[in-house]
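Each chain gets a letter, A, B and so on, in the order its sequence line appears, and its residues count up from 1. What's counted below: heavy atoms across the whole structure, side chains too, no hydrogens, waters or symmetry copies.
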Amino acid sequence: MEDRYNFKAIEKKWQKIWEDEKIYHVEIDDKKEKFYALVEFPYPSGQGLHVGHPRSYTALDVISRKKRMQGYNVLYPMGFDAFGLPAENYAIKTGIHPAISTAENIKNFTRQLKSLGFSFDWDRCIDTSSPEYYKWTQWMFLQLYKHGLAYKDKIAINWCPSCKVGLANEEVVNGHCERCGAEVVHKNKEQWMIAITKYADRLIDDLEELDFIDRVKTQQINWIGRSDGAELDFEFGDDKLTVFTTRPDTAFGVTYMVLAPEHQFVQKYMSRFENQAEIKAYVEETSKKSDLERTANDEKTGVELKGIKAKNPYTGEMIPVFISDYVLTGYGTGAIMAVPAHDSRDYAFAKLFNLPMIQVLEGGDISKEAFEDDGLHINSGFLNGLNKDEGMKKAIEYAVQNGFGRAKVNYKLRDWVFSRQRYWGEPIPMVYCEHCGWQPIDEKDLPLTLPNVQDFLPNDEGESPLSKATDWVNTTCPKCGGKARRETDVMPNWAGSSWYFLRYTDPKNDKEFASKEALKYWMNVDWYNGGMEHTTLHLLYSRFWHKFLYDCGYVPTKEPYNKRTSHGMILASNGEKMSKSRGNVVNPDEIVENYGADTFRLYEMFIGPFDQAAQWSEESLMGVYRFVSKVYALFKKVYRNEDVSMSAADLRAMHKCILDVTERVDQMKFNTAVSSLMTYVNHLSSMEKIPVQMYETLLKLLSPFTPHLSEEMWARLGYSDSVVLASWPIGDKKLAQDDVVTIAVQINGKMRGTIEIEKDSDDEDVKKAALALENVARQTAESGIKKIIVVKNRIVNIVA
RNA sequence: GCGGACGUGGCGAAAUUGGCAGACGCGCCAGACUUAGGAUCUGGUGCCGAAAGGCGUGCGGGUUCAAGUCCCUCCGUCCGCACCA
């Protein structure tokens, strides 16, 4: 046997064997319980894998490998989210077609992923930019269209002037483009929209039965932003001005109203306002402001619409109407009833314009600030004496009876802006005919493939590069056969990823996106790990998408993922985010070259709590390398069971390790699982001769983390079958426990010594032993003993 | 501003959920073997103290025989939402 731990030879050897024997390939097997583990598939960028990616991949690889050894039929797939802007930007710079650079990048990613020994079923690898795949993305878009959930609308969308592309609300972070960080502007554009808001309630309510980490649930709930309230109609001239409010019970306290400057009434009744110049100037001014400027400053501004007053339907009172940019056009009806006594924003505005306030709830001190809590109603006619909940019910009831209002639920969630003015994405399978309007192309003509273009430049007007491919654009109407033009925008990169987990179950199917049997057997995803940054993007989109397919009867379950967890980022050794521009990116290739994939994998699991950010440290990596080498070296001391025997302490160490690792992997406490393995190895190191059973157990427990080394040593023990096929050891709690325990002895809560005593000893015996300590006798000599507390097998506290 | 998470040695971190704080690893110190390699092995390592002992989980208080863990005040860091009516 070679003395040196030659990880290069070992890893190369086993990767080849696994690949040749397709050891991780899975098929439907009704005799076995399935387990579907999923990690977010990468965008194949030109930079290749960085050390952040494998944190998630290794974690679920560990879980998958353990589940396999526990007898499950495990699906652990990988693929590529291959449409997207970087490839296109690269093409603009270099002229290299995105299809070519993407294929190269996928090759490189695949090489890197394989070098890390993940147990992916590579036969199921998918590429969202291949026509075989995006045929089905397009097909699903057509289903959305046919069910009225995809529609074209001209709205003010978020536009990134740097990427030259429209963005969905979810892609705007604090007024900036999620991808490039440029400030987003508004642009009125015809867009394909997806009616995700129709699913808002179910996207919230169905979270309840899912095993998602709380952070994810609350973020999705907040993003959807459901609020219960009412719509109320106020007379405004001879028109009706409708507002949304969550507090209809405070309607007796309304002293004025406010419209968003963009509200249609402002233009509609302009001729009737007395201060038109002032109003127009204000509207003009706000239209120039970005969202960021509008919200950054909470000082209120506004202008009264002089000439028309509104009538409070509850009191009959005539009240002034203002426009102000603190009222948003996109939320509710773009108009509010202002209750300055009980809303801090209205309060600030009323103070500024010296408007009256009417307190309608008991409590607080409205001379100082708005009172926003619950209280009994006053000054409120028929609502007097009621609290908030009762008041709400009564107020809505009254509005319904008198025909000026209704209960209403409002959402912050907007419909999904689905058009991207770009080239490298799925063509939207729609054509525009002057006679028939927008028409879907026939399903049998799918896929609608991307034409090969040379010029990838989008323009500032927001036209896709596809619009220049006239041969492709000009087509015939599927309905009347007349002249028609294809849609030239493409889908967002969130389209392909909205259903990729379904494709993995049956990736080669050319009749349907996946067969019923495959979906029935493999779905749901049992465990999905991914980044927090996708919570209100991919994760929300794909839940919606899946629900839609469920409603159509195409998938058997109403939710796609049973369990969702999230990993922390890996930071550079100086604590900064790793990035090309900072020049601090650690390339996994380098680590694999110098220390091997097993060390790399184990280090990623040992680096720190899985859900928290962790700093890369080459020194700590060295420690893990030493550990892995030690495991290799221990082999020399392994003896057959007939030559050596296991002491109770050996047995204890082994079972404790089995129990720890089993439990901690399930809880994603990988760092402490590795600690436990280290403790066990320290025990083995201290032995002269290691019984083979103890070393075998080590290899099994270690195999999810360091599969190559485990496989090699397993073979050297004489096994011809892979350790992947071995069964996971079962720990015995009884054997893991010591029959002698060390009990701490405290005096007044302070440690004064320890006693060794038989486990589960009588309290009296424990007391006796504790009092026999020289230290105890000395320290209690003066004060005497008041009380002794014994906690079984743990502690004795003597109160002196 | 609102909401959430967190704060433990020189460093990364553990702590069966109220019961010996600092497991495991890094680093450091000493020794062994080799002796020029960032190699390997053994022992040590929270702080102060010669020792007895004292002090220690962001600060201050509280509950308890016993608090990193529970309660209150404050400070700090990170994340999410951000005029959503």
Mind telling me whether A:F265 and A:F236 have parallel, tilted or perpendicular rings, with 30° and 60° as the class edges? parallel

Any A:R4 side-chain N or O less than 4.0 Å from OP1/OP2 of B:A39: no

Heavy-atom side-chain proximity of A:D598 to A:Y625 below 4.5 angstrom: no

Counting Watson-Crick and G-U wobble pairs only, both distances under 3.5 Å, name the nucleotide matched with B:A23, or none. none

Nearest-nucleotide 5' precedence on RNA chain B, A:T754 against A:N748: A:T754

A:I755 side, atom CD1; A:T742 side, atom OG1 - distance, nearest 0.5 Å: 9.5 Å

Between A:N410 and B:A85, does any side-chain N or O lie under 4.0 Å from OP1 or OP2? no

Give a yes or no on whether the ring-centroid distance for A:F606 and A:F670 is below 6.0 angstrom. no

Distance check needed: B:C79 P versus A:K217 NZ, whole Å only. 25 Å

Applying a 3.5 Å limit to both distances, which nucleotide forms a Watson-Crick or G-U wobble pair with B:A66? none

Can you tell me the base-pairing partner of B:G53? Count Watson-Crick or G-U wobble geometry only, both distances below 3.5 Å, and say none if there is no partner. B:C48

Paired nucleotide for B:A32 [Watson-Crick or G-U wobble; both distances under 3.5 Å]: B:U40

Using OP1 and OP2 only, check whether a side-chain N or O of A:N682 sits under 4.0 Å from B:G25. yes

Per the atom types in the model, does the base of B:C83 pair as donor or acceptor with the side chain of A:K300 at under 3.5 Å? yes

Pick the closest RNA chain B nucleotide for A:R752 and for A:S685 by heavy atoms, then say which residue is nearer the 5' end. A:S685

Applying a 3.5 Å limit to both distances, which nucleotide forms a Watson-Crick or G-U wobble pair with B:G1? B:C81

